[in-house]
Amino acid sequence: MSSLRLFVAVLPPDRAVQELRRAVDPLRALPGAGKLRWTGTPSWHFTLAFLGSVDEEVLPELRARLERAAHRTERFSLRIHGAGRFGGRALWAGAAGGIDTLRLLAERADAAARRTGIPMEEHRRYSAHLTLARSRTDADLRPFVEALGGFEGTPWEVGELALVRSNLPVAGVRGEKPRYETIASWSLDH
């Protein structure tokens, strides 16, 4: 039986990604930027629920439950907004707009996975973030947060929930990043 490494996400539209890219590119020239592992624009997303390794045999039930979660959730407005950090290990961009609906959608995605029998991490309050860079050791990310802190992206309508497969890099291949592949998506209720 094979398994897939999966997560559920909201994917920002290309327009929003390009706006953020233009704001992030200058950060790569700041002192210490070369020590960070920057995520590429194709991997930018708002994770709602990380499922980990999922057996293929449960995919039909998982898809059905995620579809119901999507159809029970109204479309909402979201924009990429500001920046923050998780200690000295991760730099992220935040979100603004329909955060309550985004949080509800995250709770529904988590519940869909649990009801499918997927063991989920201990439940904690959802924090909307889009990871921009990571560090293997503690780094001073404050200058990056300050430089991006005033970022205000253009709002867009979130109309879709995505199930995404994470293809991890081959061990030993330097510089290779995970590749993400949307394997299913569902429209939110109109």
Which atoms form the tightest heavy-atom contact between [X] and [Y], and what is the distance?
X	Y	result
Y126	L48	OH-CD2, 3.6 Å
A128	A95	CB-CB, 4.0 Å
F76	T101	CD2-CG2, 3.3 Å
L62	A113	CD1-CA, 4.1 Å
L130	P12	CD1-CG, 4.1 Å
A9	V164	CB-CG2, 4.5 Å

- L27 and I80: same hydrophobic cluster, using ILVMFWY side-chain contacts below 4.5 Å?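 Yes, same cluster.
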
| request: Flag yes if L104 and L11 sit in one hydrophobic cluster, no otherwise; membership is Ile, Leu, Val, Met, Phe, Trp, Tyr, and two members link when side-chain heavy atoms are under 4.5 Å apart. | output: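 Not linked; separate clusters.
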
Residues passing the ring-ring contact (aromatic ring centres under 6.0 Å, His included) test with F50, sequence neighbours excluded, are none

- Message: Between R85 and F144, is there a side-chain heavy-atom distance shorter than 4.5 Å?
- Response: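 No, too far: nothing below the 4.5 Å cut-off.
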
Go through the steps for L36 and L132 under the test side-chain contact (heavy atoms from CB on, under 4.5 Å), then give the verdict. CA-CA 10 Å; L36 299 177; L132 300 172; over 6 Å; no

Is the backbone of [Y] close enough, under 3.5 Å, to the side chain of [X] for a donor and an acceptor to pair up by distance?
X	Y	value
W186	A69	no
R79	E152	no
S187	E160	no
H81	G153	no
S43	T39	no
D55	E57	no
S135	T137	yes

Say whether [X] and [Y], considering side chains only, have a donor N or O and an acceptor N or O under 3.5 Å apart.
X	Y	answer
S3	S53	yes
T73	R108	yes
E56	S2	yes

Exercise for review: Report, as yes or no, whether the 6.0 Å neighbourhood of atom CZ on R115 holds more than 12 heavy atoms from other residues, nucleotides or ligands.
Suggested key: no

_Is it the case that atom CZ in R15 sees more than 12 heavy atoms from other parts of the structure closer than 6.0 Å?_
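Yes, CZ of R15 has more than 12 neighbouring heavy atoms, counting only those of other groups under 6.0 Å.
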
Check the pair L4, L51 against side-chain contact (heavy atoms from CB on, under 4.5 Å), reporting the backbone distance first and the verdict last. CA-CA 9 Å; L4 306 173; L51 310 181; over 6 Å; no

Check against salt bridge (charged side-chain N to carboxylate O under 4.0 Å, His left out), E61 and R65: CA-CA 6 Å; E61 182 181 352; R65 290 184 182 280; 2.9 Å; yes

Matching residue for L163 among I183, T182, V54 - test: side-chain contact (heavy atoms from CB on, under 4.5 Å):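 For L163, the side-chain contact (heavy atoms from CB on, under 4.5 Å) check succeeds only for I183.
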
Taking the basic N atoms (NZ, or NE/NH1/NH2) and the acidic carboxylate oxygens, is any pair closer than 4.0 Å for D189 and R75? no

- Report yes if the distance between the aromatic ring centroids of Y180 and H45 is under 6.0 Å, otherwise no. yes

Residues passing the salt bridge (Lys or Arg N to Asp or Glu O under 4.0 Å) test with D100, sequence neighbours excluded, are R103

So OG1 of T41 and CG of D25: to nearest 0.5 Å the spacing works out to 9.0 Å

